[in-house]
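Here the structure comes first, spelled out in structure tokens, and everything after it is commentary.
In this chain, numbering begins with 1 at the start of the sequence shown. These figures come from a predicted structure and were not determined experimentally.
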Amino acid sequence: MAAELTVHQLIAKHRPTLDQALEAIRTRAYWSPHPEHPKAYGEHGSLDMAAGKAAFDALLGTRLDLGQPGTDGFVGAEVSPYGIELGVEYPHADVDVLLPAMKAGQKAWRDAGAEIRAVVCLEILKRISDRTHEFAHAVMHTSGQAFMMAFQAGGPHAQDRGLEAVAYAYVEQVRTPDTAEWTKPQGKRDPLALTKQFTPVPRGIGLVIGCNTFPTWNGYPGLFASLATGNAVLVKPHPRAVLPLALTVQVARDVLSEAGFDPNLVALTAERPGEGIAKTLATRPEIRIIDYTGSTAFGDWLEANARQAQVYTEKAGVNSVLVESAGDYKGMLANLAFSLSLYSGQMCTTPQNLLIPRDGIRTDEGPKTFDEVVADLARSVDGLLGDDARANALLGAIVNPDVKARLETAAGLGEVALASREIANPEFPGAVVRTPVVVKLDGAKPDDEAAYMSECFGPVSFAVAVDSASDAVELLRRTIREKGAMTVGAYTTDEEVEQAVQEICLEEAAQLSLNLVGGVYVNQTAAFSDFHGSGGNPAANAALCDGAFVANRFRVVEVRREA
């Protein structure tokens, strides 16, 4: 976008995409403007595979100066899970200077209106999309995702979630008209007549606290929801995953400036090692919205202590899959094996507990005992990951030492049905790559319950033996209610069991996937159609994305005048 490009040109360029997004969230049908295949990029000025890698390589060892007010130094110590030191330095902010500067541009941004804010956000997303290959390498080398997953989840899928948030924000803001003529009859007297003006007013500055595993996918919904509703946004990345969000802030600042708005409406604050600035920022009076993805402990702290802000959290849960019977046994095993393996289980949606009756299950291949089901699943995982090249492409790298420690500890919690093994990555010898571990536990033993009722984030799953399908259903209910769940899966050919599981998920507000055997997995969700989380159980207090996620980021202020 050239500097002389007007907001009218932006509307002409992006309004059709906005309209398609509005239609998609209305129908919940499949739609995406962002191609998933790497070969789709490279035309019309966007970066192809080679250029994207070169752009990423050129960033290594450099200083990313964003030109922000209050920069009092530069920080940066990211090391890729693949063993590469990134060496990129980012601005460290004096927030006493930066926060007032961010507020200065909000009046003009507010007065621009919902449509202009939306199309400016879409221009930011378009520019990010044009650099998807570059961003993919940035996500890969901060999160440990394998390249294809980093490309898709960190690129088009994250961009879809950002656009989805813009669409929901637009809908909620235009629900109320800009003006209204109000007339109340008074019988024989002249009617009362008022002209009323309604303005969506931002809450203040939004704070996005980034996560290590999905910096863009989890960061974009809150960033774009707050920006589209008129708020300035301060981005505080995870110390190990700064680069993808720093590049995002850089693009946003460029677009805002070229569209005639204050670039300080979006800013970055990186932190020094051990500084822990999230708590300090979260309780500042200027911060009125917080978006957070991460541990339950800090999410709970934010909800309890950031009293001045509207807080949106995605925390942790214990995801379960109930296995009662299977109409396509091989398909079930293949689907579960992929779900357990993808990105080494380092997803908030990965199944952890497999609830299986100890007397076994009915399948299209005949009855299967508990031990047979678990052994067959172990063989499916082994078959999926038997080739090291394919395994590396699915597993990625272990994101941090805590995940590796949990994986190693899990093997001592019960009988190991599938042992984790180390895989070498020839391209990145420094990468820590491990296959999943599956451990058998007994649902009736208190000691085992302590293990399966706690989240074990990473490539760890528990095959939990239960006395019956009804016991599995009740354990599922208790797990969701007490620990929360981002996802629930179930395999059953019994209509009563299916209805029971569905009723529990409706009552406890958990998203359910039934009998998945094809190319859709319980740990994947599609923007514009699937809801990520529900906001109705302890795993998260918000859903990505619905009206509730955006509507409280602004308030409508009315001005009345005599007509």
Just by distance, do the side chain of [X] and the backbone of [Y] share a donor-acceptor pair under 3.5 Å?
X: N231; Y: I205; answer: no
X: Q511; Y: T487; answer: no
X: S257; Y: R253; answer: no
X: R127; Y: I124; answer: no
X: D94; Y: G70; answer: no
X: N392; Y: A424; answer: yes
X: Q308; Y: I287; answer: yes
X: N212; Y: H238; answer: no
X: R555; Y: R203; answer: no
X: T283; Y: A306; answer: no

Aromatic plane relationship, [Y] with [X] - under 30° parallel, 30 to 60° tilted, over 60° perpendicular:
X: F428; Y: Y82; result: tilted
X: F56; Y: H137; result: parallel
X: F214; Y: W217; result: perpendicular

H532-F549 aromatic ring centre distance below 6.0 Å: no
Are the side chains of [Y] and [X] in contact, using a 4.5 Å heavy-atom criterion?
X: L395; Y: R434; answer: no
X: R15; Y: E115; answer: yes
X: F135; Y: L247; answer: yes
X: L22; Y: V171; answer: yes
X: Y292; Y: E303; answer: no
X: C348; Y: T213; answer: no
X: P33; Y: L163; answer: yes
X: V201; Y: F554; answer: no

Derivation of the side-chain contact (heavy atoms from CB on, under 4.5 Å) call for L544 and Y312: CA-CA 10 Å; L544 303 180; Y312 300 90; over 6 Å; no
Taking atom [atom1] of [X] and atom [atom2] of [Y], what is their separation to the nearest 0.5 Å?
X: H92; Y: E271; atom1: NE2; atom2: CD; value: 8.0 Å
X: N305; Y: K279; atom1: CG; atom2: NZ; value: 7.5 Å
X: C456; Y: L407; atom1: SG; atom2: CG; value: 8.0 Å
X: T296; Y: D300; atom1: OG1; atom2: CG; value: 6.0 Å
X: H141; Y: E78; atom1: NE2; atom2: CD; value: 12.0 Å
X: L223; Y: D291; atom1: CG; atom2: CG; value: 8.5 Å

Do NZ/NE/NH1/NH2 and the carboxylate oxygens of [X] and [Y] come within less than 4.0 Å?
X: D96; Y: R284; value: yes
X: R175; Y: E172; value: yes
X: D57; Y: K53; value: yes

Between [X] and [Y], which heavy-atom pair has the shortest distance, and what is it?
X: G154; Y: T216; answer: O-OG1, 2.9 Å
X: K236; Y: L207; answer: CB-CD1, 4.0 Å
X: D48; Y: G42; answer: CB-CA, 3.8 Å
X: L59; Y: L243; answer: CD1-CD1, 4.3 Å
X: S129; Y: Y41; answer: O-CE2, 3.3 Å
X: A259; Y: V120; answer: CB-CG2, 4.3 Å

Within 45° cone of F224 ring axis and under 6.0 Å: R161 NZ or CZ: no
Lys/Arg cation over aromatic F261: R117, 6.0 Å, 45° cone: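 Checked: cation-pi criterion not met.
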Between [X] and [Y]: side-chain donor-acceptor atoms closer than 3.5 Å:
X: R390; Y: S341; value: no
X: T132; Y: Q159; value: yes
X: Y343; Y: T350; value: no

Set of side chain to side chain contact (heavy atoms under 4.5 Å, CB included) partners for T27, sequence neighbours left out: E23, A29
Stepwise side-chain hydrogen bond (donor to acceptor under 3.5 Å, both in side chains) test for T349 and Y521: CA-CA 10 Å; T349 50; Y521 304 95; over 6 Å; no
Among H34, Q524, E36, side chain to side chain donor-acceptor pair (under 3.5 Å) partner for H157: E36
side-chain contact (heavy atoms from CB on, under 4.5 Å) evaluation trace for L64 with V242: CA-CA 11 Å; L64 205 64; V242 184; over 6 Å; no
Test side-chain contact (heavy atoms from CB on, under 4.5 Å) applied to N319 and V522, step by step: CA-CA 10 Å; N319 303 319; V522 66; over 6 Å; no
From CA spacing to verdict: side-chain contact (heavy atoms from CB on, under 4.5 Å), L384, L394: CA-CA 9 Å; L384 179 68; L394 280 175; 3.7 Å; yes
R406/D402 under salt bridge (charged side-chain N to carboxylate O under 4.0 Å, His left out): CA gap, chis, key distance, verdict: CA-CA 6 Å; R406 281 193 292 272; D402 292 340; 5.3 Å; no
Qualifying residue for side chain to side chain contact (heavy atoms under 4.5 Å, CB included) with Q250, from V255, L66, L268: L66
Over 12 non-hydrogen atoms of neighbours within 6.0 angstrom of CD in E275: yes
Contacts of type ring pair (Phe, Tyr, Trp, His ring centres under 6.0 Å), residue F457, not counting sequence neighbours: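 F457 satisfies ring pair (Phe, Tyr, Trp, His ring centres under 6.0 Å) with no residue once adjacent residues are dropped.
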